[in-house]
There are 2 protein chains.
Amino acid sequence: MSIAKLGALNPLETLSMTDRVENSLRVYFTENGFKPGDALPNEVEIAQKLNVSRNVVREALSRLRMLGMVEARPRRGMIMAQPDLLGGIEKVLNPALLSQDNLKDIFEMRLILEMGIPEFLFARKTEQDLNELDEILSQQKDVTTVSKDEEIAFHGKLYEMTGNDMFKRFQTLLMPTFDHVFTGYYDNDKKIEIANPITHHDLVAILKTGTPDEFRKAMYTHLAVYFASIL
Amino acid sequence: MSIAKLGALNPLETLSMTDRVENSLRVYFTENGFKPGDALPNEVEIAQKLNVSRNVVREALSRLRMLGMVEARPRRGMIMAQPDLLGGIEKVLNPALLSQDNLKDIFEMRLILEMGIPEFLFARKTEQDLNELDEILSQQKDVTTVSKDEEIAFHGKLYEMTGNDMFKRFQTLLMPTFDHVFTGYYDNDKKIEIANPITHHDLVAILKTGTPDEFRKAMYTHLAVYFASIL
DNA sequence: TTATTATATTTGTCCTACAAATGAAATTAA
DNA sequence: TTAATTTCATTTGTAGGACAAATATAATAA
C-alpha cells in the first residue's frame with residue numbers, strides 16, 4: 001500500500017500527560033454527574049489513581065480552575081464549581097493573535113447578531129435605555145462621520161439593551177471587528193467614514209416609535225456596506 | 001466610619017501565584033506585541049524574572065497551552081500560537097454544570113442567532129445544501145412531532161449553511177438549549193411536541209424559492225412558542 | 001570542506017519538603 | 001455530662017532538586 005493510499009495520515013496525537021489527565025478528569029466529572037458544590041478527590045489521590053505525579057495533576061487542575069470548573073479552597077479540598085462560559089474566550093482575545101479567519105468569522109457573527117436582536121430590543125427597551133442612547137448620540141462630534149469609540153458605545157448599548165448578560169459580554173468579543181472594519185479589511189476605501197444612508201439617529205428614532213421589522217430593515221441598510229462585501 | 005458606610009466591601013482579591021503569573025504573562029505578551037511564531041523565554045528564565053518557582057510558571061503556562069495561546073515544543077522552547085477562540089467554551093460545556101442563568105442566556109442567544117441568519121442562508125445556500133435538508137426531512141418519522149435529534153439535525157444544518165466555521169461550531173454551545181426546551185424550562189406543557197404552525201418543511205420550501213424576509217417571518221412563527229415565553 | 005562527535009539547552013515528568021489554616025478529635029475544666 | 005481548650009491530621013500552595021530525551025550548536029576529525 002502506497003503512502004498516498006493511506007489517505008489522511010495525520011501525526012499521531014502526542015498528548016502530554018497533563019493533557020490526558022485533563023481529559024480524564026473532565027470525563028470523570030461528566031460520567032459521574034458531578035454538580036457544583038460536590039467535593040473532589042484530593043490531588044494525591046487523583047495522582048495515585050491515574051499513576052502520575054502530583055505535578056501533572058496540578059497542571060491539569062490549574063486549567064480547570066482557570067475555567068472556573070473547579071474551585072480549590074486551600075487546606076479544605078476542592079469542589080466542583082460553575083464555569084464561566086465566556087471566561088475562556090475573553091482570556092484568549094488578544095487581537096494580535098487572532099487569525100484572519102477568526103476575524104472574518106467574528107465580523108460575520110456581528111452582522112448576524114445585529115440582525116437578530118430587534119425583537120429583544122423592542123421587548124425590553126426602557127425609557128432609561130432610550131435616554132442613554134440619546135445621550136450617546138449627543139456626544140457624537142460629527143453627524144456624518146462616526147469614530148470607532150462612538151461606534152462601540154452605540155452598538156454596545158444595543159447589546160446591553162437585549163437584557164442578556166452573555167450577549168452583553170459578547171461585546172468584548174465583537175470589539176476587534178470594529179478595528180477590523182476601520183482598518184478596511186473588507187473595504188479599502190474606508191467607506192465607513194463617509195455618510196451612511198441610515199445613521200444612528202435614524203435607528204434610535206425607529207427604536208422609539210417603530211417596529212422590530214422596520215428597525216431590522218434600517219439596520220440592514222446601516223450595515224449595507226459590510227453586507228455588500230460579504231453576500 | 002461604620003461598616004455600612006464602607007459600601008462595597010469586597011473580599012480582597014486573593015490571587016494565587018499561578019493566577020498572577022498567568023496574568024503577568026498575558027500582559028507581557030500583549031504589551032510586547034507577541035505574534036504567532038515568536039519565541040518565548042524559557043521556563044526557568046520566566047521563573048527567575050518573576051521570582052517564583054518553576055512549578056508555578058508551568059501551571060500558568062499549562063493554562064495558556066490549553067487555550068492554544070502558547071505552544072511548547074519539547075526541548076526546543078516555546079512559541080506563541082494562535083489560540084482557538086471557541087476551545088475554552090467547548091471545554092467548559094458540561095450541561096450538569098451550567099447555571100439556569102447560563103441556560104437562559106444561551107437559549108435567548110439561539111433565538112437571536114436564528115433570526116439573524118436568513119441573509120447568510122440565502123446568499124450561500126447551494127443545491128447540495130438543499131438536498132441535504134430534504135434528506136434530513138425525509139428521515140423524520142412523524143410530520144407533526146419532531147424529536148430532539150431531528151431538531152438538532154435540522155437547525156444544525158442551517159448553522160452549517162451560513163458558511164461560517166465559528167458559527168457552525170457554535171452548535172455545540174447551543175445544543176443544551178434543545179434539552180432546555182425539551183425539558184420545558186420555559187414551557188411545562190411541552191408544546192414543542194404538538195403541531196407547529198410552521199414546520200421544517202415549510203422553512204425549506206421558503207429557503208428554496210422565497211426571500212430572507214419571508215424566511216425570517218416563518219422562523220419567527222416556528223419559534224413563536226419560545227418567543228412568547230420571553231418577550 | 002565535509003562528516004562525525006561532543007556539549008549545552010529545554011521541556012516533561014517525578015520526587016521531596018514544608019508552611020499554613022482548617023476541621024475534627026482528644027483532652028481538660030466546669 | 002457539658003463546655004472549653006488543645007492537639008492533630010488533612011490538604012492546597014509553593015519551592016527546589018533531579019533526570020531523561022531530543023534538539024541545536026559547537027567542536028573535532030577526516
Name each donor-acceptor pair under 3.5 Å that joins a side chain in residues 27-37 of chain A to protein atoms two or more places apart or in another chain, with its distance.
unit_1: T30(A); atom_1: OG1; unit_2: R26(A); atom_2: O; d: 2.9
unit_1: T30(A); atom_1: OG1; unit_2: N94(B); atom_2: ND2; d: 3.3

May I have the list of side-chain donor-acceptor pairs in residues 46-54 of chain B shorter than 3.5 Å, sequence neighbours left out?
unit_1: S53(B); atom_1: OG; unit_2: N55(B); atom_2: N; d: 3.4
unit_1: S53(B); atom_1: OG; unit_2: V56(B); atom_2: N; d: 3.3
unit_1: R54(B); atom_1: NE; unit_2: E43(B); atom_2: OE1; d: 2.7
unit_1: R54(B); atom_1: NH2; unit_2: E43(B); atom_2: OE1; d: 2.9

Assess the residue pair D84(B) and R169(B) against the criterion (salt bridge (Lys or Arg N to Asp or Glu O under 4.0 Å)); give the C-alpha distance rounded to whole Å, side-chain angles, the decisive distance to 0.1 Å, and a yes or no. CA-CA 12 Å; D84(B) 178 8; R169(B) 278 178 67 194; 2.9 Å; yes
May I have the step-by-step check of side-chain contact (heavy atoms from CB on, under 4.5 Å) for N164(A) and F120(A), ending in yes or no? CA-CA 9 Å; N164(A) 185 310; F120(A) 280 78; 5.7 Å; no
Is there a side-chain contact (heavy atoms from CB on, under 4.5 Å) between L174(B) and H155(B) once you walk through the steps? CA-CA 10 Å; L174(B) 269 11; H155(B) 290 273; over 6 Å; no
For K157(B) and E160(B), what are the C-alpha separation, side-chain angles and deciding distance, and is it a salt bridge (Lys or Arg N to Asp or Glu O under 4.0 Å)? CA-CA 5 Å; K157(B) 178 58 188 172; E160(B) 185 189 319; 3.3 Å; yes
Which is it for E71(A) and M78(A) under the side-chain contact (heavy atoms from CB on, under 4.5 Å) test, yes or no, and what are the steps along the way? CA-CA 6 Å; E71(A) 202 176 300; M78(A) 296 176 289; over 6 Å; no
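A donor atom on one side chain and an acceptor atom on the other are not found under 3.5 Å apart for Y226(A) and E108(A).
The outermost nucleotides of DNA chain C lying under 4.0 Å from heavy atoms of chain A, listed 5' to 3', are dT13(C) to dG23(C).
In this structure the side chain of T18(A) reaches within 4.5 angstrom of the side chain of R63(A), judged on heavy atoms.
Across its full length, the helix from dT1(C)-dA30(D) to dA30(C)-dT1(D) shows an angle of 30° between the axes of its 5 terminal pairs at either end, rounded to 10 degrees.
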What nitrogen or oxygen pairs link the protein and nucleotides 8-15 of chain D at under 3.5 Å?
unit_1: dT11(D); atom_1: OP2; unit_2: N42(A); atom_2: ND2; d: 3.2
unit_1: dT12(D); atom_1: OP2; unit_2: E43(A); atom_2: N; d: 3.3
unit_1: dT12(D); atom_1: O4'; unit_2: R75(A); atom_2: N; d: 3.3
unit_1: dG13(D); atom_1: OP2; unit_2: R58(A); atom_2: NH1; d: 2.9
unit_1: dG13(D); atom_1: OP2; unit_2: R58(A); atom_2: NH2; d: 3.3
unit_1: dG13(D); atom_1: N7; unit_2: R54(A); atom_2: NH2; d: 2.8
unit_1: dG13(D); atom_1: O6; unit_2: R54(A); atom_2: NH1; d: 3.3
unit_1: dT14(D); atom_1: OP1; unit_2: M17(B); atom_2: N; d: 2.8
unit_1: dT14(D); atom_1: OP2; unit_2: M17(B); atom_2: N; d: 3.3
unit_1: dA15(D); atom_1: OP2; unit_2: S53(B); atom_2: N; d: 2.8
unit_1: dA15(D); atom_1: OP2; unit_2: S53(B); atom_2: OG; d: 3.2
unit_1: dA15(D); atom_1: N7; unit_2: N55(B); atom_2: ND2; d: 3.2
unit_1: dA15(D); atom_1: N6; unit_2: N55(B); atom_2: ND2; d: 3.3

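Under the side chain to side chain contact (heavy atoms under 4.5 Å, CB included) criterion, L67(B) pairs with M66(A), K91(A), V92(A), not counting sequence neighbours.
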